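For reference, the structure is listed below as structure tokens.
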Amino acid sequence: MDEFYSLGFLLNRASVSMSKLLNARLESEAIDLPHSQFIVLRCLHYKDGLSQQEIARLLCKDAAAIKRTIDNLEKKELVARSQVSQRENCINITSKGQELIPTALECGDNVLKDSLKDIEDIDYEKLKTLLDKIYMNIEEISQ
């Protein structure tokens, strides 16, 4: 690979491609759930009752972007906010969201499976470890 294909470029290209494929797969299942909404709903599926700030932190996303995403999920009746304090809301998946999540997760699992075709499990685990190490190094430098 030449110098044009930097690590950042390759990571972004893979991420964007996976996101586009997920969007297409969800759309083919008649699920109106773009990637940005999918990851928030998935997060809440595994850990329901989080605040917007907690979701933003867990997903490494901007709090304002998470607020907009939750607004959109709320309009679709997939999540609901409940007031915890004057300054904080708790976000929960609704029954409609719970009905949708198995099919959405299956689409996500299939995208991952297809993305990892011809990649050995040991290489996949190593990739995850390396990406986490890169993240931790950057976080350490940034503090």
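None of the values given here were measured: they were computed from a predicted structure.
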_For Lys67 and Asp71: C-alpha separation, side-chain torsions, deciding distance, then whether salt bridge (Lys or Arg N to Asp or Glu O under 4.0 Å) applies._
CA-CA 6 Å; Lys67 182 194 178 312; Asp71 289 345; 3.0 Å; yes
*When rounded to the nearest 0.5 angstrom, what is the spacing between CG in Leu59 and OG in Ser36?*
10.5 Å
_Same cluster or not: Met18 versus Ile119, using hydrophobic residues (I, L, V, M, F, W, Y) connected whenever any side-chain heavy atoms lie under 4.5 Å apart?_
yes
*Check Val79 against Ile70 and note the closest heavy-atom contact, atom names and distance.*
CG2-O, 3.9 Å
*Any side-chain heavy atom of Met136 within less than 4.5 Å of one from Asp132?*
yes
*Going from CD on Glu29 to CG on Leu100, what distance comes out if it is rounded to the nearest 0.5 angstrom?*
10.5 Å
*Using modelled atom types only, decide if a donor and an acceptor are shared between the side chain of Ser19 and the backbone of His35 within a distance under 3.5 Å.*
no
*Nearest 0.5 Å please: distance from the OG atom of Ser142 over to the OH atom of Tyr135.*
9.0 Å
*Heavy atoms only: give me the nearest Leu33-Leu26 pair and the separation to one decimal.*
O-CD1, 2.9 Å
*With Ile93, which of Leu78, Leu41, Val40 fulfils side-chain contact (heavy atoms from CB on, under 4.5 Å)?*
Leu41
*Once you round to the nearest 0.5 Å, how far does CG of Leu50 lie from CG of Asn89?*
12.5 Å
_So does Gln37 get a backbone contact from the side chain of Thr69, meaning a donor-acceptor N/O pair under 3.5 Å?_
no
*Using a cut-off of 6.0 Å, state whether more than 12 heavy atoms not belonging to Glu27 lie near its atom CD.*
no
*Taking C-beta and beyond as the side chain, do Leu131 and Leu11 meet within less than 4.5 Å on heavy atoms?*
yes
*CD1 on Ile134 to OG1 on Thr129, rounded to 0.5 Å*: 11.0 Å
*Has Gln83 got more than 12 heavy atoms of other residues, nucleotides or ligands less than 6.0 Å from its CD?*
yes
*Would Glu125 and Lys128 count as a salt bridge (Lys or Arg N to Asp or Glu O under 4.0 Å) if you check the C-alpha gap in whole Å, the side-chain angles of each, and the deciding distance to 0.1 Å?*
CA-CA 5 Å; Glu125 291 304 320; Lys128 290 193 312 184; 3.5 Å; yes
*asked:* Quick check for you: to the nearest 0.5 Å, what is the distance between Ile31 atom CD1 and Asn23 atom CG?
replied: 11.5 Å
*Which residue pairs satisfy the side chain to side chain donor-acceptor pair (under 3.5 Å) criterion with at least one member in residues 41-61, sequence neighbours excluded?*
Asp48-Asn92, Ser51-Glu54, Ser51-Glu88, Gln52-Arg81
*Could you tell me whether Glu120 atom CD has more than 12 heavy atoms of other residues or ligands within 6.0 Å of it?*
no
Which side-chain N or O atoms in residues 101-117 pair as donor and acceptor under 3.5 Å with protein atoms at least two apart or in another chain?
from: Asn110; atom 1: ND2; to: Glu106; atom 2: O; distance (Å): 3.3
from: Asp114; atom 1: OD2; to: Arg25; atom 2: NH1; distance (Å): 3.0
from: Asp114; atom 1: OD2; to: Arg25; atom 2: NH2; distance (Å): 2.7
from: Ser115; atom 1: OG; to: Val111; atom 2: O; distance (Å): 2.7

*asked:* How close do Cys90 and Gly49 get, counting heavy atoms only, and between which atoms?
replied: SG-O, 3.2 Å
*Looking at residues at least two apart in the chain, or sitting in another chain, which of them share a ring-ring contact (aromatic ring centres under 6.0 Å, His included) with Phe9?*
Phe4, Tyr5
*Let me see the working for Ile122 and Lys126 under side chain to side chain contact (heavy atoms under 4.5 Å, CB included), right down to the final yes or no.*
CA-CA 6 Å; Ile122 193 165; Lys126 184 68 171 178; 5.7 Å; no
*Over all heavy atoms of both residues, which pair between Lys76 and Pro34 is shortest? Give the atoms and the distance, please.*
NZ-CD, 3.8 Å
